[in-house]
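Take a look at the structure set out below.
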Amino acid sequence: MDSFIFLGFNLYAWITIVTVLTMFTVMLFTKLRADLVFLGAIAILFVTGVLDAKEAFSGFSSTSVVVIGVLFVVVSGLTHTGVLQWIVKHLLGQPGGYSKAVVRLMLPVAFLSSFLSNTTVVALFVGIVKMWSKKLNISPSKLLIPLSYASGMGGVCTLIGTPPNLIISGLYAEKTGTAMNVLATTIPGLFCLCIGVLSIIAMRKLLPDRKAPESAFEATSEYTVELLVPSDNKFIGKTIEKAGLTKVNGGTLIEMKHFDDRKFVFPVPADEFLMGGDRLVFAGQIDELLDLKKTHGFVNADHPIFTLSEVEGDRQLRTAFVPFESSLINKKIGDSTLEKDYNIVLVAVARRGKRIDESPREVKLHAGDTLLFECPQNVNIQTEQLASKLHFFESTDVPNIGKKTLISTTIMVLMVLLSALNVMPLLQCAFLAAMAMLLFRCCSPDQAMKAVNWDILMVFAGSVVLGLAIQKTGIAERLAFGILDVCGTNPLVVMTAICLVGTFITEFISNTAAGAMFFPIMYQAAEKLGYEPYPFLIALMVSVSSSFATPIGSPTHMLVYGPGGYRFSDFMRIGLLMNIIILAANILIVNIIYPLTPLVP
C-alpha cells in the first residue's frame, strides 16, 4: 500500500479522501439519514484497512461523545421543568423599537444556547417570536433569522454549548493530555456575539420583510366552503362514499356536523351517513367545490362554523412546516397515509406566504411550505416519525413552572461551576448532573432515555473517526504543508485561512463533521509553524459554528426557514457579510485573549 503514491498521498489516504467526498456528496444531494452515511463511511474505512477495529470504533468511547450523550439527559431535566419557558416569559417583554427587540431576543437565546441544545431553544422560541412579533408590529422574518444566528453564536460561548466545541476539545485532550476549561471559549464567544448583535441592527435592511406564512390562512372563507344538506336531498340516508364525497373535484371533505349533534365529525369516515340539515365543510378550490350545489343539490350554509378563532374544544387547527430533510418533499399528501396514520386532516397549503389555490391534498410539497391541519385536541403530533416529515411548533405540552424549575437550574449551574473551576472533569460533572436530574425527578427515566438522540450520537462518533482517519493517513499533515506553502509562515494568515475554509465548509456539511475534519489540519499547521495549537483551535471552534449564509448550514436555520416565509437567497444577503464580520472578530479577539505562544522544544 505504501508503495502506491499519487500526488503525495498513498492508497489509504486516497480511500479516505474518496470516502469523505462521497459521504458529503450523499448528504448534500440525497435525503439519506446522516447517521447511516457516517456508519457507512466507518465501515468502508474499517473494511479497506485504513483503520483497525479499535480505531474504527474509537468514536463510540470518545469522552466528548459520551459527554454529549449524558448532556441530553441534563437538558431533558431543564426542558421538562419549564426553565426555558420561565426565561422566555420574564425576559422578552415589550421593547420599544426594532433594535431593542433584537437585543431582548438574541441575548437570552444566546445564553440558553450556551448550555442547551440550539435546536431545542430555537424550536421553543419560534412560536413565541411569531406571537411576539405581532404584538410589536414587526414582521417575523425580521426576527427569526436573528433568533437562529443568536443560537449559533451563543453555543460557541461554552464547550458544552455546541458539539464541535466538545469534539475539538476532546480531541485536544486526547492529543495533549490536557483538558480545556469549559469556559475556554466564553470571552471570544461573547465578543463575537456582541459584534453579531450590532451587525444585525446595522444591517437590518438586508433582512427580508416577508408576511408570516400562516397569514395566508387567516381568511378561512378563501379556502373553505360550507354547504348544507337540505331536508329533501336525494343523498340523505346514503354514506359519504355512496354519495361520492370521498373524492370531489378541487378539494376534500374535512369535517361535518349533524344538525342534532354538537360535535364535529373529523376526519370524516367513508361509512358516515348523510342526514338532512348536516353541515359539510370542504377545503380546496372554491369555484370547483361550489359545483357540488349543482351536482349534489347542496345549499350555502347561513353562517360559518369553521374559523381560525372559533374552534371547538375537541378539535384544533395546527400549523406545520415542511423541513428540508422531509420525505414528503415532491409528494402529495393525498398519495400518502399521513392523515390516516395520525388522525389529522389537511385543510390548506401556503408557499412563500401565499395560499395555493387548489385541492390541498393534490399539491406537490416543497421545502418550507406551510400546512394547516385540523386535529383532535388529544392527538399526539410530537412523535419522532411525524417529526421527520413535518415540524409543528405550537406545542400544547407546556410544563408547569415551580420549585423543580429552580432545582434543575441549580443543578445546571453547579455542573458548569465545578467544571470551570477544575474541581472535577466535565464528564464526571455531567454524570452527576444527569443523576441529580433523575434523583430530584426533574425528568423521568423514560423522558431521559427519549431525550438521548442516538442518531446524533452516531454522527458525533463518526465525526471523531473521520478526523482520526484524516490524521492517520497523513492527509492532515499534507494539507497543513500545502496551506503553509500558499500562506507562508505568518501564523495569523494561516489561522485566518483555515478558519475561512472551515466557515465555508460548514455552510454545507455538519459543523460537527467540519470540526473533526479541520482539527488535525489546524493542529498540524500550528505545530509546523512552531506554535502552541491551543489558540488556533479556539479560533477553529468559533469558525465551524459560524454558518450564516445558507439555510442548510444549521438545523436551526431550517427550523426558522418555513415559519419566516424565507427564500434561500434571504440567508445569503445578510449571511455572507455576517460570515466575514464574525471571522474578523474571531481572529481579533482570540489573539488578544490567547496570544500565540511558541512551542517549547
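Computed over heavy atoms, backbone and side chain alike; hydrogens, waters and symmetry mates excluded. These numbers come from a predicted model, not from an experiment.
Considering all non-hydrogen atoms of both residues, Ser148 and His557 come closest at OG-ND1, 2.5 Å. Nearest heavy atom pair, residue Ser114 against residue Gly154, reads OG-O, 2.9 Å. Heavy-atom minimum distance, Thr186 versus Cys157: OG1-O, 2.7 Å. Across all non-hydrogen atoms, the minimal contact from Val560 to Phe571 is CG2-CZ, 4.1 Å. Of all the heavy atoms in Lys389 and Ser327, the pair that sits closest is CG-OG, 3.6 Å. Of all the heavy atoms in Asn330 and His366, the pair that sits closest is OD1-CD2, 4.3 Å.
Judged purely by atom type and a 3.5 angstrom limit, Thr81 uses its side chain to pair as donor or acceptor with the backbone of Leu78. Between the side chain of Thr409 and the backbone N or O of Thr405, at least one donor-acceptor pair lies under 3.5 Å. At least one donor-acceptor pair under 3.5 Å links the side chain of Thr185 to the backbone N or O of Val156. Distance alone, capped at 3.5 Å, is enough to place a donor-acceptor pair between the Ser58 side chain and the Glu55 backbone.
One distance of note links CZ of Phe431 with CE of Met424; it measures 13.0 Å at 0.5 Å rounding. Atom OG of Ser419 and atom CG of Asn181 lie 6.5 Å apart (nearest 0.5 Å). To the nearest 0.5 Å, the span separating OG on Ser408 from NZ on Lys403 amounts to 13.0 Å. To the nearest 0.5 Å, the span separating CD1 on Ile411 from SG on Cys429 amounts to 13.0 Å. To the nearest 0.5 Å, atoms CG (Leu190) and CG (Leu183) are separated by 9.5 Å. Taken from OG in Ser543 to CD1 in Ile505, the straight-line distance is 12.5 Å, to the nearest 0.5 Å.
The local environment of CZ in Phe60 is crowded, with over 12 non-hydrogen atoms from other residues, nucleotides or ligands closer than 6.0 Å. Other residues, nucleotides and ligands contribute over 12 non-hydrogen atoms within 6.0 Å of the NZ atom of Lys472. Under a cut-off of 6.0 angstrom, the local environment of CZ in Phe440 is sparse, with at most 12 non-hydrogen atoms contributed by other residues, nucleotides or ligands. Counting non-hydrogen atoms of other residues, nucleotides and ligands closer than 6.0 Å to CG of Leu427 gives a total above 12.
In this structure, the side chains of Leu468 and Leu171 stay at 4.5 Å or more apart for every pair of heavy atoms. Residues Leu107 and Leu193 have side chains in contact (heavy-atom distance under 4.5 Å, counting atoms from C-beta outward). The side-chain heavy atoms of Tyr566 and Leu144, taken from C-beta on, include a pair separated by under 4.5 Å. When side chains are defined from C-beta on, Leu338 counts as touching Ile344, because their heavy atoms get closer than 4.5 Å. Looking at Tyr594 and Leu537, their side chains never come closer than 4.5 Å, going by heavy atoms from C-beta outward. Residues Ile407 and Cys442 are in side-chain contact: their nearest non-hydrogen atoms beyond the backbone lie under 4.5 Å apart. When side chains are defined from C-beta on, Phe519 does not count as touching Ile167, because their heavy atoms never get closer than 4.5 Å. Between Met415 and Leu71, the closest side-chain pair of non-hydrogen atoms falls below 4.5 Å.
Between the side chains of Ser169 and Asn165, not a single donor N or O lies within less than 3.5 Å of an accepting N or O.
Checked against the 6.0 Å centroid threshold, Tyr172 and Tyr534 count as a close aromatic pair.
Only one option out of Val197, Leu147, Ile200 pairs with Leu105 in a side chain to side chain contact (heavy atoms under 4.5 Å, CB included); it is Leu147.
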task: Starting from the C-alpha separation in whole Å, work towards a yes-or-no answer on side chain to side chain contact (heavy atoms under 4.5 Å, CB included) for Ser547 and Thr503.
output: CA-CA 6 Å; Ser547 53; Thr503 297; over 6 Å; no

message: Checking Leu371 against Val349 for the side chain to side chain contact (heavy atoms under 4.5 Å, CB included) test, could you report, in this order, the C-alpha distance in whole Å, the side-chain angles of both residues, the deciding distance, and whether it holds?
response: CA-CA 5 Å; Leu371 280 62; Val349 179; 4.3 Å; yes

field: Working for side chain to side chain contact (heavy atoms under 4.5 Å, CB included), residues Ile593 and Phe191
entry: CA-CA 11 Å; Ile593 303 300; Phe191 180 77; over 6 Å; no

message: One pair to check against side chain to side chain contact (heavy atoms under 4.5 Å, CB included): Met180 and Leu426. What are the steps and the verdict?
response: CA-CA 10 Å; Met180 288 185 175; Leu426 177 59; over 6 Å; no

